[in-house]
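Just the heavy atoms: all of them, side chains too, but no hydrogens, waters or symmetry mates, feed the values below. In what follows, chains carry the letters A, B, and so on, assigned in the order in which the sequence lines appear, proteins first and then strands, with residues in each chain numbered from 1.
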Protein chains: 2
Amino acid sequence: MKLKELADQLGLSQTTVSRALNGYPEVNKATRERVSEAALKFGYSANANARRLAIGRIGAIGILMPRDRSERFGPHTSEFFSGLAEQLSLHEMDLLMSPSINNDELAAYRRLISSKRVDGIIVTGPTLMDERVAMLTEAKFPFVLHGRTNIAAPHAWLDIDNAGAFRQATSHLLDLGHRHVAMIDGLKGHTFSEHREMGYREALVERGLPVDPRFIVHERFSDETGFHEAQRLLSYAPHPTAILAGSMMTALGVFRAIRSKGYELGKEVSVIAHDDVFPYLNASNMVPAMTTTRSSIRSAGSRIAELLVRVLDGEPVENIHEIWPVELVLRQSSGPPIAPRR
Amino acid sequence: MKLKELADQLGLSQTTVSRALNGYPEVNKATRERVSEAALKFGYSANANARRLAIGRIGAIGILMPRDRSERFGPHTSEFFSGLAEQLSLHEMDLLMSPSINNDELAAYRRLISSKRVDGIIVTGPTLMDERVAMLTEAKFPFVLHGRTNIAAPHAWLDIDNAGAFRQATSHLLDLGHRHVAMIDGLKGHTFSEHREMGYREALVERGLPVDPRFIVHERFSDETGFHEAQRLLSYAPHPTAILAGSMMTALGVFRAIRSKGYELGKEVSVIAHDDVFPYLNASNMVPAMTTTRSSIRSAGSRIAELLVRVLDGEPVENIHEIWPVELVLRQSSGPPIAPRR
DNA sequence: CTGTTAGCGCATTCAG
DNA sequence: CTGAATGCGCTAACAG
C-alpha cells in the first residue's frame, strides 16, 4: 500500500494524509484520527527510501565491521552493537553494518559517506593518531568515536577511564603487598591499550617501584593468548604474583595457566580482569569469583548512539566528550601475596 | 556530487553516465573508461536512496535483534553476523539490524517489511512452530531461516545436524563405557534444542539404555547456568560420568563445577561441548583440550546470506534446504570412565 | 552507441 | 485546515 492509495481510500489528498501521519499541527484532530486508524488497518507504512529521498535524511547510522576475522569482532562487539541498537530504536533509526572491503578501511568509510546510506558513523577501536578520525573530521561528516585519540581537531567521543582502571587495579595490588605485577592487554597502538599501560606504569612509579618491560604484554584478546602469555610470565624468576588481564577472555586463559602451573589462584597468584560485562560470562560466578575493573560496554553503545543523534541535531561536537569512570570490584581472585607452600 | 553534475562535467547525458557506471553493455568502451575515471576523481557515488527508489530494490537485508538482553544476543550472534556481513559485501548489500520493540516481535517484522527497508529477512533461533516463519511465509516475503521448524509450507532454511551431533557424541561416550550421560542444552521449545535431545535419546534407546529425565537439562546458555546445573547433576547418586554441554559458555561452567567437586576432568567426568567455533575461545587450547561437536556458525551466516540472495533472485524456496553435518572432534576432555580414587 | 522523457513514493512549497 | 504542483537523484523505457 502506498500513500496515494491510502489517500484515495480516505477521500483525502496525499498531502493531508502525509501531514496527519507525520504529526503536523495543522491537521484537524478528527481527520488525523481517521487517517491513523486507516493506516493501521491497511498496514500502511511509508516507503523508507522515498521518504528519505524526499527529506534528505537517511534515518540510519553506520558502523564498519572489519572484514578480518581476527581482531575486532569479538564478544565486545556484539554487546556494543546491542547497546547501540537499543538506543537507536528509540529514535527510529537503523543501524547499518557495512563490512570493509579489501582491508582498505578508509576507502570503505569514504564509500559509506558518498553513497549517502547513513547520516552518521560510529567509529570504534581508535589508535592514537587514528586516520579514520582525521579523515571524517576533515570531511565534516558526523561521527562519534568510542575511545579517544591524540588528534587535536574537535570531534565527539566517549571513552572509559582506561588509565584510571589499570592505575586503580595496580595500586590495589601493590597496596596488598605485591611487588611483581604483570599486565596482559590488547594490541599496542590502540588508545585503550596505551592508556591502560600508562595507568599501570603510574601506579608503579608513584611508589618508586621499577617497571619491568617483560611484565607488560600486548596481544590479541583471547583465552589462548591469555594462557600462553601467563605461562610465560609465570616461568620467570621471580615471577609475577599478580596479573592484570585486559579482557575476560584473556582472564580465562590466565586462570588456566595459573592452575596448570600448580599455583593457587587468588592466593599465590592474584588476577584482576577488565570486564566489559557479558551477560553470558559472569565474573562473580567464576571460581574463585574474579576481581574486575568493570564497565558496561553495552551502556557505552547506548550512550554513543544518543550522542550521535545529538550531533546530527546540530550540537557542536566540541561539547561532546565523556569519560566514564571504571569501578574496581573486589572478589576472590585477588588478595595479598602468599608464598607457595612447597 | 550528483549524477547530473558528473554528466555535465563530462559533456554526456545522465543516462550514459549511469549506464557506464552500472556496467551496461551498450556503452562505448572509451566512454566507459572516461566516466569511471571521472567518477573516481570526483569521488562520485550514487545516492543509495534515489537509486533504490528508482530500481525498486533496497539493497539491504534485515535481521531483528531481540531487545531483551538475555537470551539471544550472545557470542553466537556476533560470529553469525560477521559471516553474514562478509558474504553480503560481495553482493554490495547492507545488513540492517533492527531492534524489536516492546517484545512484540511479530509486529517488528511487519514494520520492517511494510516500510520497505529490506529486500529480505534472516530469521534465527526458531521454535518448532515458529510464528515468524508462518507469518513471513504467508506474506510471501523473502527470508531464509537459520534452523528448522515443523511448519509444512515451503520456505528456505539452513540448519546444522543437531540431532546427529548429539547422537554421535552420546554414542561415542556410551561406546567408551559411560552409563550415565547427562546433557545441558539451551531452552526448551527451540528447534535445535529439541533436535539435540532427540539425538541424545536415540543414542540411548539404540543401546537399550534408559533415559533419566533428571539428566536432561534445558537452560539458558551461560557459564553460570552451566556451573549450577552441572553441580546439581554431580550431586546425584549415581552421578553422570559424562556431560554434554550445548555451548562453549555452558562448558566453561561445567568445567568449573567438575573441578569444584574435586573430580578429574576427562577421567572421572567427561565433557563434550558443542562448539560454534569462536576465534577468541578455542576448544583445543583449553586444559584439558575440549572434545567438541564442531560447526562454524560464521560459515553458516555466510552461506545463509548467499541463499537469501538466491531467493531474491527468484530461486524457488522449496529447493533451498541445507543440513550441515557436525564433526565430532575428540580431545582430552572425554575418555573412558574412571572411578574416583578415593 | 547515446539522449529524451517519464516515473519510483514521498514531503513540501504555495495557493486556496 | 486542505489540496495541487514541484522536486529529491536516479534508472529504464523509448527514440534516435
Side-chain angles (χ1 to χ4, degrees), chain A residues 1-36 38-39 42-60 92-94 111-119, chain B residues 1-39 42-60 92-94 111-119 312:
Chain A
M1 155 113 8
K2 40 192 359 171
L3 186 59
K4 184 169 188 325
E5 294 167 15
L6 184 61
D8 289 351
Q9 284 287 337
L10 287 160
L12 291 169
S13 73
Q14 293 188 35
T15 314
T16 304
V17 177
S18 169
R19 281 199 276 237
L21 257 24
N22 290 312
Y24 278 54
E26 64 263 50
V27 176
N28 189 338
K29 196 178 169 199
T31 311
R32 187 193 302 285
E33 275 168 13
R34 207 157 62 87
V35 172
S36 310
F42 294 109
Y44 169 80
S45 174
N47 178 317
N49 289 304
R51 174 165 224 281
R52 289 162 178 179
L53 182 57
I55 69 183
R57 242 215 192 192
I58 318 289
E92 299 197 313
M93 291 227 197
D94 295 319
R111 214 174 59 94
L112 191 58
I113 295 175
S114 62
S115 66
K116 300 210 170 48
R117 286 174 301 168
V118 296
D119 294 315
Chain B
M1 155 106 21
K2 39 202 294 191
L3 186 60
K4 184 166 188 326
E5 294 167 15
L6 184 61
D8 289 350
Q9 283 286 337
L10 288 160
L12 291 169
S13 74
Q14 292 189 36
T15 315
T16 303
V17 176
S18 169
R19 281 199 278 239
L21 257 24
N22 290 313
Y24 278 55
E26 64 264 48
V27 177
N28 188 336
K29 197 177 168 202
T31 311
R32 184 192 304 284
E33 276 169 11
R34 208 156 63 86
V35 172
S36 311
E37 268 173 40
F42 294 110
Y44 170 79
S45 174
N47 178 316
N49 288 305
R51 172 167 225 278
R52 289 163 178 178
L53 181 57
I55 145 180
R57 242 212 192 194
I58 319 289
E92 299 197 312
M93 290 227 197
D94 296 320
R111 215 173 58 95
L112 191 57
I113 295 176
S114 62
S115 66
K116 300 214 172 42
R117 285 173 303 168
V118 296
D119 294 313
L312 295 176

Check: Is a donor on one side and an acceptor on the other found under 3.5 Å between the side chain of B/Asn22 and the backbone of B/Tyr24?
Finding: no
Next item on the list: Could you identify which residues of residues 47-59 of chain A place a heavy atom less than 4.0 Å from some atom of DNA chain D, listed by residue number, or say none?
Entry: A/Leu53, A/Ala54
Item checked: Residues in contact with DNA chain D, drawn from residues 12-19 of chain A - heavy-atom cutoff 4.0 Å -> A/Leu12, A/Ser13, A/Thr15, A/Thr16, A/Arg19
Item checked: Non-neighbouring partners of A/Ser115 that pass side chain to side chain donor-acceptor pair (under 3.5 Å), sequence neighbours left out -> A/Arg117
Check: In chain order, what residues pass the side chain to side chain contact (heavy atoms under 4.5 Å, CB included) check against B/Asn49, with sequence neighbours excluded?
Finding: A/Asn49, A/Arg52, A/Ile58, B/Asn47
Item checked: Any residue meeting salt bridge (Lys or Arg N to Asp or Glu O under 4.0 Å) with B/Arg57, in chain and number order, not counting sequence neighbours -> B/Asp313
Item checked: Phosphate OP1/OP2 of C/dG9: any A/Tyr44 side-chain N/O under 4.0 Å -> no
Next item on the list: Identify whether any heavy atom of B/Leu3 sits under 4.0 Å from a base atom; if not, whether one sits that close to sugar-phosphate; answer base, sugar-phosphate or nothing.
Entry: base
Next item on the list: Return the set of residues passing side chain to side chain donor-acceptor pair (under 3.5 Å) with B/Thr16 (not counting sequence neighbours), or none when no residue passes.
Entry: B/Ser13
Item checked: Rounded distance (nearest 0.5 Å) linking atom NZ of A/Lys29 with atom CZ of A/Arg34 -> 15.5 Å
Notebook entry, point to check: Can you tell me how far CD of B/Glu37 sits from CZ of B/Arg32, rounded to the nearest 0.5 angstrom?
Noted result: 13.5 Å
Notebook entry, point to check: Where does the chain B footprint on DNA chain D start and end, counting 5' to 3' with a 4.0 Å heavy-atom cut-off?
Noted result: D/dG9 to D/dA13
Notebook entry, point to check: Among all residues two or more places apart in sequence or in another chain, which pass the side chain to side chain donor-acceptor pair (under 3.5 Å) test with A/Lys4?
Noted result: A/Asp8
Check: How long is the line joining CG of A/Asn22 and P of C/dG9, in whole Å?
Finding: 17 Å
Note to self: Test of understanding: with side chain to side chain donor-acceptor pair (under 3.5 Å), list the residues that count as partners of A/Arg19, not counting sequence neighbours.
What the structure shows: none
Margin query: Taking side chain to side chain contact (heavy atoms under 4.5 Å, CB included) as the definition, give me every residue that meets it alongside A/Leu6, ordered by chain and number, with sequence neighbours left out.
Written below: A/Met1, A/Leu10, A/Val17, A/Leu21, A/Ala38, A/Ala39, A/Phe42, A/Tyr44
